[in-house]
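None of the values given here were measured: they were computed from a predicted structure. Starting from 1, each residue takes its place in the sequence as its number.
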Amino acid sequence: MRALLAAVLVASCATAVAPPPNRLAGCWIDRKPDNTAVTMRWLPDPEVPGALRGDRMSYTPQGVGEDRGSYTLRQEAGTEAWMLCNLTAERCWQVAEGESGSLEGGRAFIDATRERLRISLIDGAVERIIFQGARDGCD
């Protein structure tokens with residue numbers, strides 16, 4: 001019985017999901033077939049310890065595009081909840097971390113593996129993808 005319990009505990013530790021900053025930190029890119037690209041850089045926020053700041057930029061063959069956004073990922077004070085905030089729109093969404101329940105007020109979903117990232121928002125009945133791409137080097 002103890003061996004079974006130990007195996008379950010080891011398995012649960014091995015499958016534990018890293019906190020959002022550990023999954024998100026770094027640079028990402030989505031290269032399109034039409035020679036455009038969208039990048040997202042998630043680096044430590046110099047103004048908020050423990051938070052990340054994300055800058056989304058689009059590029060066209062002519063240079064930097066107009067589709068941009070700035071975000072922050074921070075832990076809600078006094079809780080274990082993480083918030084994804086659009087700094088331009090001054091709007092925040094709680095990051096869904098494996099819990100079920102109401103989507104009232106919207107939720108942010110951060111699906112990140114070592115090499116792929118997808119960030120989407122569910123607000124009302126609509127899903128909006130903020131970014132979807134692959135790991136890139138930070139220049």
With rounding to the nearest 0.5 Å, note down the distance linking [atom1] in [X] to [atom2] in [Y].
{"X": "I119", "Y": "L73", "atom1": "CD1", "atom2": "CG", "result": "8.5 Å"}
{"X": "L24", "Y": "Y71", "atom1": "CG", "atom2": "OH", "result": "12.0 Å"}
{"X": "I29", "Y": "R41", "atom1": "CD1", "atom2": "CZ", "result": "10.5 Å"}
{"X": "D136", "Y": "D30", "atom1": "CG", "atom2": "CG", "result": "11.0 Å"}

Could you see if M83 belongs to whatever hydrophobic cluster contains I122? Use Ile, Leu, Val, Met, Phe, Trp, Tyr and a side-chain cutoff under 4.5 Å. no
Of all heavy-atom pairs between [X] and [Y], which one has the smallest distance, and what is that distance?
{"X": "G26", "Y": "C138", "result": "C-SG, 3.8 Å"}
{"X": "T113", "Y": "W28", "result": "O-CH2, 3.7 Å"}
{"X": "P21", "Y": "G50", "result": "CG-O, 4.5 Å"}
{"X": "P20", "Y": "V95", "result": "CG-CG1, 4.3 Å"}
{"X": "A108", "Y": "L84", "result": "CB-CD2, 3.8 Å"}

Please determine whether the number of non-hydrogen atoms from other residues, nucleotides or ligands lying under 6.0 Å from atom CZ of R31 exceeds 12. no
Just wondering, more than 12 heavy atoms not from E90 lying within 6.0 Å of its CD? no
Taking the side chain as every heavy atom from C-beta outward, state whether [X] and [Y] have any atom pair closer than 4.5 Å.
{"X": "R74", "Y": "C92", "value": "yes"}
{"X": "V48", "Y": "T72", "value": "no"}
{"X": "E127", "Y": "F109", "value": "no"}
{"X": "L121", "Y": "V126", "value": "no"}
{"X": "N86", "Y": "W93", "value": "yes"}

Side-chain donor or acceptor of R68 paired with backbone N/O of D55 under 3.5 Å: no
Please determine if R53 forms a cation-pi arrangement with W42, meaning its NZ or CZ atom is less than 6.0 Å from the six-membered ring centre and no more than 45° off the ring axis. no
For residues 56-65, please give each side-chain donor-acceptor pair under 3.5 Å, one per line with the distance, not counting sequence neighbours.
from : atom 1 : to   : atom 2 : distance (Å)
R56  : NE     : I130 : O      : 2.8
R56  : NH1    : D67  : OD1    : 3.0
R56  : NH1    : D67  : OD2    : 2.9
R56  : NH2    : D67  : OD2    : 3.4
S58  : OG     : D67  : N      : 3.4
S58  : OG     : D67  : O      : 3.2
T60  : OG1    : Q62  : N      : 3.2
T60  : OG1    : Q62  : OE1    : 3.2
T60  : OG1    : G63  : N      : 3.4
T60  : OG1    : G63  : O      : 3.2

